[in-house]
Amino acid sequence: MHAFDVLGDPVRRRILELLGDGELTSGAVSAVIREEFGISQPAVSQHLKVLRENGFASVQAEGTRRIYAVAPEALREVDAWLDRFRHFWTPHLDALATEIARGKRERRRDA
């Protein structure tokens, strides 16, 4: 499965957002996703499996619990693919940073 096919699903993107904040048990992930998306625990498990099998998440067994974490390598590949498009937004962000800095200087000067 292509990385963007994996990331194209809003449930899987949300799971990655949750894992981006730190490791979570499958139960904790399932509780949030079930509440937000109204899907069953087995459906959440299938999404975790897709993330794991495609290299976006890793799992570690701790007794009967399964601890999930982001596996950064697949995200690095996505980032590398996106790199060819950065020129579309980087100048705009640079210009925004310049305007913010200019505004801060003017406020200090006027204060």
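In this chain, residues are counted from 1 in sequence order. These values consider heavy atoms only, across backbone and side chains, with no hydrogens, waters or symmetry-generated copies.
- Rounded to the nearest 0.5 angstrom, Leu19 CG and Ile67 CD1 are separated by 10.5 Å.
- No donor-acceptor pair closer than 3.5 Å links the side chain of Asn54 to the backbone N or O of Phe56.
- For residues 59-85, the set of pairs meeting the ring-ring contact (aromatic ring centres under 6.0 Å, His included) definition, not counting sequence neighbours, comprises Phe4-Trp81, Trp81-Phe85.
- Scored by the side chain to side chain donor-acceptor pair (under 3.5 Å) test, Arg108 finds no partners at all (sequence neighbours excluded).
- Legend: salt bridge (charged side-chain N to carboxylate O under 4.0 Å, His left out) pairs involving residues 64-81, not counting sequence neighbours, sorted by first then second residue: Glu62-Arg65, Glu73-Arg76, Asp79-Arg86.
- In the hydrophobic clustering of ILVMFWY residues, with side-chain heavy atoms under 4.5 Å counting as a link, Val78 and Ile15 come out together.
- The heavy-atom pair separating Ala71 from Ser58 by the smallest distance is CB-N, 4.2 Å.
- In this structure, Ala69 and Glu23 approach most closely via the heavy-atom pair CB-CG, 3.7 Å.
- The list of side-chain hydrogen bond (donor to acceptor under 3.5 Å, both in side chains) pairs with a residue in residues 38-49, not counting sequence neighbours, reads Arg12-His47, Gln41-Ser45.
- With sequence neighbours excluded, the residues forming a side chain to side chain donor-acceptor pair (under 3.5 Å) with Glu99 are Arg102, listed by chain and number.
- Rounded to the nearest 0.5 Å, atoms CG (Leu51) and CG (Leu7) are 8.0 Å apart.
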Please list, one pair per line, the donor and acceptor atoms closer than 3.5 Å that link side chains of residues 26-36 to other protein atoms, with sequence neighbours excluded.
from	atom 1	to	atom 2	distance (Å)
Glu36	OE1	Arg14	NE	2.8
Glu36	OE2	Arg14	NE	3.4
Glu36	OE2	Arg14	NH2	3.0

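- Leu18 and Phe37 fall within a single hydrophobic cluster, where Ile, Leu, Val, Met, Phe, Trp and Tyr side chains are chained together by heavy-atom contacts under 4.5 Å.
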